[in-house]
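Heads up: the structure comes next, in structure tokens.
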Amino acid sequence: MADDASRKRKVRGRKIRSDRSQKAGRRAKKELARKASNAGKKNGDSPLTDPADVTPDPFVETDAVTALRGRITGWLEADQPVHLIGPTGCGKTALALSAAAKRGRPVVWLNGDEAVDTAALVGDHAGGERYKEDDRFVSGVSKQTEIIRERWVDNPLSVAVREGATLVYNEFSRSDPAAHNVLLSVFEEGVLERPGKRGENRSIDVHPEFRAILTSNDVEYAGVHEQQDALLDRFVGVHVDYYDGETEREIVRSHVDLPEEAIEVVVETMRTLRDDLEIVVGTRAAITAAKGLTIFDSGENGTLDDELLTEVFVDVLAPKIAGQGPDDVRQLQTQIAESI
Ligand SMILES: Nc1ncnc2c1ncn2[C@@H]1O[C@H](COP(=O)(O)OP(=O)(O)OP(=O)(O)O)[C@@H](O)[C@H]1O
């Protein structure tokens, strides 16, 4: 696409710069959703979130999006846990949250990482609770006894299983596979064992409305933390890829206020780079580049030239290159300029 006509792209219509005040309301809503999904991360708080609060905003629903979401909600209806597998930034999280919201049940959000162990999933003893017991065994004489009762705090999986929530377990393959042993009996026998719990009620019966959507990056799923086959066998695997061009344009349009021509150029560039470069170029890269262009436009006449486009995409994609030495960045810049 590096012919002369494309060197200087005239973007007609509105100026590239967005009207930021129009975005304020949208941003505030997004912040609300983010807070809602973070609510469960503080120890002791309930991780249950209202389904209306997890609906991604903005969320565009093209045919491709609704078809995929329909597959997810369909499998959930058939009482099958769903494993969404796909490349970085293709929209797995947004899709999972939208499907979870559609069910209308409370949502429990969990993020996989190395630190997630069985206790992080099911719960833990959270120190002692002190209280005093007053024993008036002889009239006029009282004896006070200090009692320390161990307090058990349920973590997200226990809460989700008990309350019949939709568990959205993002990047689950990043967690230690051993932590997931407790999931086997959840899916197989409908019982959650809480191994660390002392005393009664060590297990919880799984609520009939409990469902799970797990997401994995396809590369990590294949290698870094190999999850046990016995567990993977119990999921339905829905492989997702980047959306079609029109859906990606709609997605970028929903996030960034740019003239149509600029959106088209950004998405087309991103899709070309996705094919040409060895690094993963997700939809998020186009959203970020478009956001950059609302600021780094070339002034009043609203033009988008290839130099600016190259600069913006280099900045957006530079974090992905190993080492990030000047040579690597130069090489990336050359590749991007050639592709554009
Ligand atoms: N249907 C949609 N409507 C609006 N925005 C969307 C939609 N799908 C994805 N996005 C946006 O695209 C970007 C990437 O999506 P998302 O974070 O869901 O991808 P992911 O596959 O979970 O990424 P990662 O692997 O990095 O976690 C996000 O900014 C998200 O808001």
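Since we're looking at a predicted model, the values are computed, not measured. Nothing fancy with the numbering, it's 1 onward along the sequence. We count ligands from 1, going down the list as the structure has it; atoms in each ligand are counted the same way.
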Review point. With a 3.5 Å cut-off and no angle check, do the side chains of Gln228 and Asp233 form a donor-acceptor pair?
Key: no
Review point. Can we say Glu114 and Arg174 salt-bridge, meaning some charged N sits less than 4.0 Å from an Asp/Glu carboxylate O?
Key: no
Study note, to complete from the structure: In this structure, CZ of Phe210 is separated from CZ of Arg105 (nearest 0.5 Å) by 11.5 Å
Practice item. Among all protein heavy atoms, pick the one closest to atom 3 (N) of ligand 1 and tell me residue, atom and distance. Key: Val60 N, 2.8 Å
Review point. So which heavy atom in the protein is nearest atom 29 (O) of ligand 1, and how far is it from that ligand atom?
Key: Ile287 CD1, 3.5 Å
**Study point:** Residue and atom name of the nearest protein heavy atom (relative to atom 6 (C) of ligand 1), distance in Å to one decimal
**Key:** Ile251 CG2, 3.5 Å
Review point. Quick one: does Pro87 get within less than 4.0 Å of ligand 1, heavy atoms only?
Key: yes
Review point. Where is the nearest protein heavy atom to atom 22 (O) of ligand 1: which residue, which atom, and how far?
Key: Thr93 OG1, 2.4 Å
Practice item. Mark up the atoms of ligand 1 that fall under 4.0 Å of a heavy atom belonging to Phe59, in ascending order. Key: 1 (N), 2 (C), 3 (N), 4 (C)
Check your understanding: Okay, side chain of Arg71, backbone of Ala67: is any donor-acceptor separation there less than 3.5 Å?
Key -> no
Review point. Can Ile204 be reached from Trp152 by stepping across I, L, V, M, F, W or Y side chains whose heavy atoms are under 4.5 Å apart?
Key: no
Check your understanding: Looking at CG of Leu183 and CG of Leu167, how far apart are the two atoms once the value is rounded to the nearest 0.5 Å?
Key -> 8.0 Å
Review point. With a cut-off of 4.0 Å, which atoms of ligand 1 are near a heavy atom of Gly89?
Key: 14 (C), 19 (O), 20 (P), 21 (O), 23 (O), 24 (P), 25 (O), 26 (O)
Review point. Hey, is the main chain of Ala94 close enough, under 3.5 Å, to the side chain of Ser98 for a donor-acceptor pair?
Key: no
Review point. Is any NZ, NE, NH1 or NH2 atom of the basic residue among Lys102 and Glu77 found under 4.0 Å from an Asp or Glu carboxylate oxygen of the other?
Key: no
Check your understanding: Between Tyr169 and His83, does the ring centre distance come in under 6.0 Å?
Key -> no
**Study point:** ligand 1 atoms in contact with Pro58 (distance to a heavy atom under 4.0 Å)
**Key:** 3 (N), 4 (C), 5 (N)
Review point. Which of the listed options, His255, Glu171, Glu250, Glu248, holds the heavy atom that is closest to atom 27 (O) of ligand 1?
Key: Glu171
Check your understanding: For ligand 1, which atoms, with element, lie under 4.0 Å from some heavy atom of Thr88?
Key -> 25 (O), 26 (O)
Review point. Between the side chains of Asn155 and Ser158, does any donor sit under 3.5 Å from an acceptor?
Key: no
Practice item. Specify the protein heavy atom at minimum distance from atom 16 (P) of ligand 1: its residue, its atom name, and the distance to 0.1 Å. Key: Gly91 CA, 3.6 Å
Review point. Arg284 heavy atoms, cut-off 4.0 Å: which ligand 1 atoms fall inside?
Key: 14 (C), 16 (P), 17 (O), 19 (O), 23 (O), 24 (P), 26 (O)
Check your understanding: Hey, is Pro56 touching ligand 1 through its side chain, its backbone, both or neither, going by heavy atoms under 4.0 Å?
Key -> neither
Check your understanding: Less than 4.0 Å between a side-chain N and a carboxylate O, is that true for Glu246 and Arg253?
Key -> yes
Exercise for review: Could you find the nearest protein heavy atom to atom 20 (P) of ligand 1 and give me its residue, atom name and distance?
Suggested key: Lys92 N, 3.5 Å
Practice item. Tell me, please: is Ser254 in heavy-atom contact with ligand 1, that is, under 4.0 Å? Key: yes
Check your understanding: Which of the atoms of ligand 1 are close to Ala94, meaning less than 4.0 Å from one of its heavy atoms?
Key -> 8 (N), 9 (C), 18 (O)
Practice item. Could you tell me whether ligand 1 has any atom less than 4.0 Å away from a heavy atom of Cys90? Key: yes
